[in-house]
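Encoded as structure tokens, the structure appears first; notes follow it.
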There are 2 protein chains.
Amino acid sequence: MMGHMSLRHAVLGMLADEPGSGYDLLRRFERAMANVWPATQSQLYGELGKLETAGMIHVLAEGPRGRKEYEITEAGRAELRHWLVDVDPGGPPRSAALLRVYFLGSVSPAQARGYVASMGESARAREERLDELEGSIDWGDDNQSLYGRLVLEWGKRFSAMQREWAEWAVKQVE
Amino acid sequence: MMGHMSLRHAVLGMLADEPGSGYDLLRRFERAMANVWPATQSQLYGELGKLETAGMIHVLAEGPRGRKEYEITEAGRAELRHWLVDVDPGGPPRSAALLRVYFLGSVSPAQARGYVASMGESARAREERLDELEGSIDWGDDNQSLYGRLVLEWGKRFSAMQREWAEWAVKQVE
DNA sequence: TATGACATGTAACTAGTTACATGATTCA
DNA sequence: TGAATCATGTAACTAGTTACATGTCATA
């Protein structure tokens with residue numbers, strides 16, 4: 001049944017938007033995807049090789065310094081649509097931050113409070129970053145802007161939720 | 001610097017609460033941890049072996065059918081506290097659900113709306129499950145109850161956030 | 001001419017999943 | 001006695017990380 005392989009689909013999704021090299025993709029992952037689906041350079045080049053072998057992308061042009069610009073193929077688009085529509089996305093992912101909360105009984109209440117407070121603080125910092133980011137992008141009315149805004153809004157709501165939870169939780173540990 | 005290895009700490013955290021066998025732990029992971037840090041049987045037995053070699057747990061008693069009951073050692077408790085207090089928990093984890101939202105431009109608006117709506121629906125179902133769970137547990141005033149309630153509350157708030165976001169997002173895709 | 005950005009790739013490792021394999025004990 | 005549960009373990013795989021390795025091109 002082929003496992004999950006979401007990196008594959010992240011790459012296909014980006015190339016569906018526009019062609020690019022591994023190097024391009026790496027920067028796109030760093031810029032737009034860092035908080036949703038981080039990927040390393042190693043992984044990216046490996047996946048591009050596999051996708052080419054599988055016929056889901058092909059080399060559109062070769063540039064200087066060995067640059068290979070990839071374009072998604074019709075098979076690649078079909079696989080992307082299949083994943084978007086037919087494959088179950090699964091539940092919420094592992095959370096190391098929450099895992100710790102379970103075990104805070106192993107440290108002093110003051111340390112536990114400190115940990116929860118720091119979760120709130122990092123959520124607040126993330127909220128600020130996302131607000132800035134939102135202001136710095138000039139949103140068009142294309143699909144990318146539309147769905148990008150949905151993701152950004154999710155991040156903002158998530159961060160606000162976590163900050164509010166932390167404020168509440170700090171009081172519980174007293 | 002030893003990587004993240006949160007499974008190791010999840011096991012230590014559970015054994016810090018009370019001793020148990022691999023089989024016990026597996027059921028505890030299924031019951032209490034399924035949504036925060038799922039683990040497979042394979043991984044669990046492997047990790048128990050490594051933790052024993054590392055001197056962080058030891059066999060307290062052997063029972064029928066080869067059962068080995070493990071207890072955390074002082075070294076194990078120290079490692080757990082170290083992880084809880086000193087190690088940076090890192091940002092929000094990968095989210096396959098959100099990753100898809102980025103790429104919904106590749107399918108029809110109706111399909112995109114359907115996907116977002118299904119995210120809302122699964123969040124609603126999770127909210128209900130968590131409400132039921134909360135009602136079914138008789139909470140004491142021990143540490144486990146306290147921190148368990150914090151985690152449950154986080155889950156409820158997360159689910160509510162996702163449901164509300166989805167309701168909002170469905171309207172945006174129109 | 002040397003620095004920094006561009007550009008790709010491999011090796012060795014850790015983490016996690018799925019499937020297989022085996023056997024003991026309980027109880028209907 | 002047969003099925004369910006208890007109980008542990010291994011093999012083969014996929015996914016992801018870190019470090020290493022190499023070389024090109026633009027420009028100050």
Side-chain angles (χ1 to χ4, degrees), chain A residues 1-12 19-31 33-54 57 59-70 83 87-88 90-91 93-96 99, chain B residues 1-12 19-31 33-54 57 59-70 83 87-88 90-91 93-96 99:
Chain A
M1 266 282 178
M2 276 215 283
H4 271 136
M5 292 180 305
S6 295
L7 175 67
R8 158 162 304 193
H9 300 104
V11 169
L12 288 174
S21 66
Y23 196 83
D24 291 339
L25 253 20
L26 183 61
R27 281 175 310 172
R28 289 200 232 168
F29 266 87
E30 279 163 0
R31 256 185 66 263
M33 222 65 126
N35 293 306
V36 169
W37 206 271
T40 60
Q41 176 261 8
S42 230
Q43 230 186 325
L44 225 37
Y45 283 106
E47 195 61 45
L48 285 169
K50 285 181 215 160
L51 282 167
E52 197 190 4
T53 302
I57 61 176
V59 177
L60 180 63
E62 303 205 22
R65 282 162 289 195
R67 175 188 172 93
K68 287 188 276 184
E69 191 163 24
Y70 291 100
W83 175 73
V87 179
D88 180 70
R94 288 184 165 80
S95 167
L99 180 62
Chain B
M1 265 280 179
M2 273 216 285
H4 271 135
M5 291 181 306
S6 294
L7 175 68
R8 159 161 303 192
H9 300 104
V11 169
L12 288 174
S21 66
Y23 195 83
D24 290 340
L25 253 20
L26 183 61
R27 281 175 311 171
R28 288 200 232 167
F29 266 88
E30 279 163 359
R31 257 185 64 263
M33 223 65 123
N35 293 305
V36 170
W37 206 271
T40 61
Q41 176 261 8
S42 232
Q43 230 188 324
L44 226 37
Y45 283 106
E47 195 60 46
L48 284 168
K50 286 181 215 160
L51 282 167
E52 196 189 6
T53 302
I57 62 176
V59 176
L60 180 64
E62 303 205 23
R65 283 162 289 196
R67 175 188 171 91
K68 285 189 278 185
E69 192 163 23
Y70 291 100
W83 175 74
V87 180
D88 180 71
R94 287 184 166 79
S95 167
L99 180 62

Euclidean distance, atom [atom1] of residue [X] to atom [atom2] of [N] [Å, nearest integer]:
| X | N | atom1 | atom2 | result |
| --- | --- | --- | --- | --- |
| B:Leu99 | D:dA15 | CG | C1' | 15 Å |
| A:Leu48 | C:dT10 | CG | P | 12 Å |
| B:His9 | C:dT14 | NE2 | C1' | 14 Å |
| B:Glu62 | D:dA7 | CD | C1' | 12 Å |
| A:Glu52 | C:dG9 | CD | C1' | 14 Å |
| B:Lys50 | C:dC13 | NZ | P | 14 Å |
| B:Glu47 | C:dG16 | CD | P | 9 Å |
| B:Leu44 | C:dG16 | CG | P | 12 Å |

Exercise. Listed in order of residue number, which residues of residues 21-31 of chain A have a non-hydrogen atom at under 4.0 Å from DNA chain D?
Worked result: none
Where do [X] and [Y] come nearest, in terms of heavy atoms and distance?
| X | Y | value |
| --- | --- | --- |
| B:Trp37 | A:Ala96 | CZ3-N, 3.6 Å |
| A:Tyr23 | A:Tyr45 | N-OH, 3.4 Å |
| A:Leu7 | A:Gln43 | CD2-NE2, 3.5 Å |
| A:Trp83 | A:Ser6 | CZ2-OG, 4.0 Å |

Problem set entry | Side-chain donor or acceptor of B:Ser21 paired with backbone N/O of B:Asp24 under 3.5 Å | yes
Seminar exercise, completed: Under a 4.0 Å heavy-atom criterion, the protein footprint on nucleotides 17-28 of chain D, written with B, S and -, is BBB---BBS---
Exercise. Under 4.0 Å between a side-chain N/O of B:Tyr45 and OP1 or OP2 of D:dG9, yes or no?
Worked result: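 Result: no.
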Problem set entry | Short side-chain N/O contact from B:Lys68 to OP1 or OP2 of D:dG9, under 4.0 Å |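 Yes, because at least one side-chain N or O of B:Lys68 sits under 4.0 Å from OP1 or OP2 of D:dG9.
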For this session: Not counting sequence neighbours, which residues clear side-chain contact (heavy atoms from CB on, under 4.5 Å) with B:Leu26? List them please.
Result: B:Glu30, B:Gln41, B:Leu44
Problem set entry | Side-chain heavy-atom pair A:Arg94, B:Pro93 within 4.5 angstrom cut-off | no
Problem set entry | side-chain contact (heavy atoms from CB on, under 4.5 Å) between A:Leu60 and A:Tyr70, worked out | CA-CA 5 Å; A:Leu60 180 63; A:Tyr70 291 100; over 6 Å; no
For this session: Please step through side-chain contact (heavy atoms from CB on, under 4.5 Å) for the pair A:Arg8 and A:Lys50, ending with a clear verdict.
Result: CA-CA 9 Å; A:Arg8 158 162 304 193; A:Lys50 285 181 215 160; 4.0 Å; yes
